[in-house]
Amino acid sequence: QDFTIRAVANSNEEDEDYDGLQVFKSHVEAASNGRIAVEIYMGTQLCSNGAECLQGVADGSIDVYISTSGGAAGLFPYVQVLDLPYLMQDDRIAEKVLAGDFTREMRKMALADSGDTIRLMTIGNTGGWRNFANTKQRVQKPEDLAGMKLRTVVADLPQELVRALGASPTPIPWPELFTSLQTGVVEGTKNGITDIMSMKFPEAGLQYVTLDGHAYMAALWWMSNQKFMELPEDMRQVVVDGFYQLQQATFASPKRKSIPAYEEFVAGGGDLYVPTPEEKQAFADAAQPVYEWFTSNVDGGQDIFDLMKASVDEATAELQAERSADIN
Amino acid sequence: MALLGGVIRPISWINEHLLMLGRGVGIIAIAVMVAVTLLQVFCRYVLNNALPWPDEAARFCMLWMTGLMAPTAFRRGGFVAIDMLALALPRAAAAILNIFLMVVSLTVLVFAVQIGWSETTGLGGRFASASLYIPTAIDFSEWQRVPRSWMMASLLVGIVLLIMVNVELILRNVAQLLGVTDLPPIPHADTQGAE
Amino acid sequence: MLVWFLPVFLVFLMIGLPVFFGLLAAPGILLFLNGQERDLTLLYRNLYNGMDSFPLMAIPFFMLAGEIMNRGGITHRLVEFSQALMGHLRGGLAHVNVLSSMLFAGLSGSAVADTSALGSMLIPAMEKQGYTRRFAAAITAASSVIGPIIPPSGIMIIYAYVMGESVAALFLAGLVPGAMVGIGLMLLIKLMADRYDFPVASRKFTWGERGQASLKAFFPLMTPIIILGGILIGVFTPTEAAAVAVAYALFISLFVLRTMRIGELGDVMGRAGLTSAVVLLLVGAAMSFKTVVSLSHTPQMLAEFILTLTANPLLLLFLVNLLLFVVGMFLDAGPAIIILGPILGPVFVGMGVDSIHFAIIMCVNLTVGLATPPMGLVLFVASAVSGEKVMSISRTILPFLAVEIIVIFLITYFPAISMTIPRLTGFAN
Ligand code: NA
Ligand code: NA
């Protein structure tokens with residue numbers, strides 16, 4: 001064994017991040033014939049947030065780290081493009097976009113911004129899609145959210161979205177969210193179903209989920225560029241392939257995990273609402289101000305937005321061609 | 001002997017006044033913490049319109065309060081420790097033990113100040129605050145996000161102050177060992193507990 | 001190799017290195033010797049990030065609220081109220097001492113504040129009535145540990161933060177154990193009072209006089225109701241509740257009772273700031289320490305070792321109580337929780353002990369440790385307040401400690417005592 005890769009994810013072993021890391025470890029250790037060992041540290045054992053962990057990646061105390069777009073936005077603000085609502089329609093589009101040149105472009109931007117220290121390896125998924133969930137009533141149209149106190153992270157984009165839909169964005173630290181939902185400090189949140197169920201939010205009264213899918217929960221996998229470039233070329237290929245395997249695993253894992261989560265939610269009396277295409281369009285229309293906010297307020301926002309849009313269009317066209325070939 | 005006293009007196013004077021300033025700023029920081037947290041409760045519960053920044057602003061103040069006030073506690077002997085051994089030893093031996101413990105502390109602090117400097121000036125310090133802004137134009141027309149380093153500097157400054165206190169305390173212990181007794185005492189030196 | 005940081009830490013602690021430096025020096029030295037210099041950065045980073053947390057804000061806030069109430073003469077009214085209720089009993093002032101501590105506990109999260117505030121008022125009063133000074137000091141110290149058991153509680157905030165538990169659940173779980181300590185002490189006082197013929201403090205108050213005393217104590221007594229009620233009905237989070245407690249204490253001291261002047265505010269905030277700065281640095285250092293606990297796989301090894309002793313959780317809980325009690329004799333509750341929580345918590349939760357239940361066992365046991373000789377912090381404070389020697393207070397406090405140890409074992413083996421309220425309110429499963 002010649003190299004050790006120390007990988008960190010702030011989530012726990014129930015999370016899809018862990019599934020991805022297991023696949024990564026297994027591939028890299030086997031394909032490198034044991035020359036590379038992968039150590040996995042789950043949770044906040046070594047570092048506990050994006051700023052702290054990415055600094056670890058930059059200075060080499062951590063080799064691999066997964067952040068959400070929110071976790072990296074303080075350093076690379078343009079990654080918030082992944083949070084823009086209703087831009088990528090579904091999993092197939094998202095997976096095509098993230099497997100393509102879009103990710104390579106973002107890698108270049110991040111390397112340039114970090115002085116060639118932090119390398120974006122791949123973008124996968126963590127937790128499926130964000131949906132609106134609340135303790136009050138079924139939400140079918142944006143007006144149903146009017147005045148509702150919705151928990152958001154302290155970041156501009158999700159707050160702009162909540163405000164655009166007429167609700168009141170309320171920052172609550174994640175550990176205090178259960179109690180806050182229970183006591184009514186906030187009335188709703190925007191999360192994926194697996195997070196909602198693993199935090200037992202329905203027990204705190206969170207009984208209404210609208211599957212609007214307003215944001216893809218992207219997982220950005222970072223690696224210390226120095227560590228990566230120090231590897232011989234054949235080992236670099238092993239690592240890159242490992243990240244491909246990891247990406248595939250994290251695309252698949254949330255889909256599997258969400259099945260029992262949805263079942264459990266409904267079995268517990270939860271109201272699961274799937275909006276019609278027209279209703280979804282109404283949400284998308286109401287969310288328009290967020291795009292303007294993003295392109296005019298975020299450094300590099302216009303460029304990355306255009307790139308994302310072009311990638312989505314391209315993916316949509318490809319997909320249509322593939323579909324028509326498949327069904328005929 | 002006189003030389004030692006001549007070194008300790010100015011250091012003591014500087015520490016005394018720097019820490020007084022630190023306590024003053026720390027007190028303002030506490031007041032701001034309370035005020036913005038209450039403001040947030042009011043805006044969320046009464047106006048149904050929570051503000052994005054009080055959480056971060058309050059943490060900002062808490063970190064600076066800690067960095068600026070902990071050195072005073074250290075100087076007054078307020079850091080929690082089991083001091084049974086020193087109490088049981090004869091005076092000279094206790095002073096030697098204290099000097100040894102102070103040197104261990106100083107070593108920790110010297111490592112910390114180096115790491116702290118590279119952390120604060122490094123990539124992690126460049127992270128932009130999610131909700132805190134400062135004006136960059138005199139007419140408040142342009143605003144910029146506060147970098148995380150402004151918050152991280154609190155611990156770095158705290159460590160520098162702790163080092164200055166530590167050096168003073170080592171010198172005072174040496175002086176005590178050599179029988180220098182005419183040094184100005186540290187005001188309010190006492191122990192205080194967390195519980 | 002890395003696991004040697006634990007004995008090194010213990011040696012540092014025993015020879016008197018401040019806990020803060022010990023928490024950093026011991027792991028630092030081992031990482032250095034182990035060739036893991038890059039991980040020294042992780043120590044620093046977790047020190048900083050450990051302090052950078054919104055829930056921790058409750059620590060300075062509750063300390064400040066306690067300082068204000070003390071300065072604002074609120075304590076005085078609680079004692080008068082207790083006297084109106086219990087002063088006529090045999091051993092009246094001893095009962096008043098305990099009841100005042102229970103009431104004071106609803107306003108303050110600190111045993112030291114309790115001892116100094118109530119002790120300076122009640123110890124001289126008890127002496128005047130013919131109690132020995134050491135008895136007065138001992139009952140003051142023994143009852144002050146109720147302060148951090150009944151919410152709010154500084155050490156529960158620290159535990160919840162370091163271990164990722166719900167502050168609200170811990171607060172609610174402390175209500176009954178805190179009341180049990182108080183009632184247990186009162187029962188013992190009643191026994192002693194009959195045997196040693198303790199004096200009554202006053203004639204029996206009429207219901208009208210009691211009403212008057214209640215009225216005067218009304219505003220201070222509302223504090224815990226505002227804190228817990230506000231959390232329960234969703235006006236504010238537990239952290240914000242601490243800020244509300246500050247505002248409320250200020251309001252009644254400055255405007256309702258007019259017992260404090262604005263000019264005293266700076267001094268009060270300075271005292272609260274100094275104490276909490278020390279605690280916050282310790283919490284940060286604990287998070288660094290925890291990092292090395294993880295890197296060294298200590299909890300796993302410890303769990304394996306413990307399971308070779310016995311796999312019976314009841315026996316293990318007995319052993320852990322012994323361990324905590326011994327640790328509590330030498331170390332303050334806050335640092336002890338900071339050091340032992342991350343090591344012991346996962347072991348017992350892994351064996352099926354409810355995490356809130358375990359938290360309460362730890363918090364109550366280590367809080368009682370504040371009043372155990374030789375190093376009990378409140379013994380020293382009680383000694384300073386009364387002028388009695390620590391040694392003689394230590395001897396006199398023993399029967400009261402026995403009551404508290406009985407309570408510790410009751411809450412250890414009857415989880416329902418602590419868990420019922422958090423379960424009924426939905427804050428624990
Ligand atoms: Na209390
Ligand atoms: Na008492």
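Because the structure is a prediction, the values reported are computed rather than measured. In what follows, chains are A, B, ... by sequence order, proteins preceding strands, each numbered from 1.
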Pairs of heavy atoms under 4.5 Å with chain C: top-ranked of I30(B), I115(B), L85(B): I115(B)
If every non-hydrogen atom of L38(B) is compared with every non-hydrogen atom of A247(C), which pair is closest and at what distance? CD1-CB, 3.6 Å
Report yes if some heavy atom in the side chain of M69(B) is under 4.5 Å from a heavy atom in the side chain of S276(C); otherwise report no. no
Closest non-hydrogen contact found for A277(C) with A70(B) is CB-N, 3.6 Å
Taking every heavy-atom pair that is under 4.5 Å apart, which of L280(C), L281(C), V235(C) has the most such pairs with chain B? V235(C)
Chain C heavy atoms under 4.5 Å from I159(B): which part of the residue, side chain, backbone, both or neither? side chain
Comparing T41(C), L24(C), I15(C), L13(C) against chain B, the one with the most heavy-atom pairs below 4.5 Å turns out to be I15(C)
Nearest heavy-atom neighbours spanning R76(B) and L274(C): NH1-CD1, 3.3 Å
Which heavy atom in M62(B) sits nearest to a heavy atom in M51(C), and how many Å separate them? CE-O, 3.4 Å
Side chain, backbone, both or neither: which part of F32(C) has an atom under 4.5 Å from a heavy atom of chain B? side chain
Checking heavy atoms, do the side chain of V108(B), its backbone, both or neither come under 4.5 Å from chain C? side chain
Where on T367(C) is there a heavy atom nearer than 4.5 Å to chain B: the side chain, the backbone, both, or neither? neither
CE of M20(B): more than 12 outside heavy atoms within 6.0 angstrom? yes
Exercise: identify the closest heavy-atom pair between V104(B) and A25(C): CG1-CB, 4.2 Å
What residues of residues 50-58 of chain B sit under 4.5 Å from chain C when only non-hydrogen atoms are counted? D55(B), A58(B)
Which atoms of F74(B) are under 4.5 Å from chain C, going by heavy atoms: the side chain, the backbone, both sets, or neither? side chain
For I27(B), is it the side chain, the backbone, both, or neither that has a heavy atom closer than 4.5 Å to a heavy atom of chain C? both
Proximity breakdown for S154(B) and chain C, heavy-atom pairs closer than 4.5 Å: side chain
Checking heavy atoms, do the side chain of L109(B), its backbone, both or neither come under 4.5 Å from chain C? side chain
Heavy-atom donor-acceptor pair, R23(B) side chain to G273(C) backbone, under 3.5 Å: no
Walk me through it: do Y44(C) and E119(B) pass the test side chain to side chain contact (heavy atoms under 4.5 Å, CB included)? CA-CA 9 Å; Y44(C) 180 92; E119(B) 288 284 291; 3.7 Å; yes
Heavy-atom distances under 4.5 Å only: say whether L265(C) touches chain B with side chain, backbone, both or neither. neither
Start with the C-alpha distance between F236(C) and F42(B), add both sets of side-chain angles, then the distance that settles ring-ring contact (aromatic ring centres under 6.0 Å, His included), and finish with yes or no. CA-CA 9 Å; F236(C) 35 68; F42(B) 179 79; over 10 Å; no
Answer whether the closest heavy-atom distance between the side chains of L282(C) and F79(B) falls below 4.5 Å. no
Honestly, the part of M102(B) sitting under 4.5 Å from a heavy atom of chain C is neither
Which of the residues I29(C), V19(C), D52(C) is involved in the greatest number of heavy-atom pairs with chain B at under 4.5 angstrom? D52(C)
For chain C, the option from L155(B), T37(B), L68(B) that forms the most heavy-atom pairs under 4.5 Å: L155(B)
Does any heavy atom of chain B fall under 4.5 Å from the side chain of F61(C), the backbone, both, or neither of them? side chain
Quick one: what part of A31(B) sits under 4.5 Å from any heavy atom of chain C, side chain, backbone, both or neither? both
For the candidates A242(C), G154(C), G270(C), which exhibits the highest count of non-hydrogen atom pairs separated by less than 4.5 Å from chain B? G270(C)
Calculate, to the nearest 0.5 Å, the distance between atoms CE and CE belonging to M33(B) and M269(C) respectively. 11.0 Å
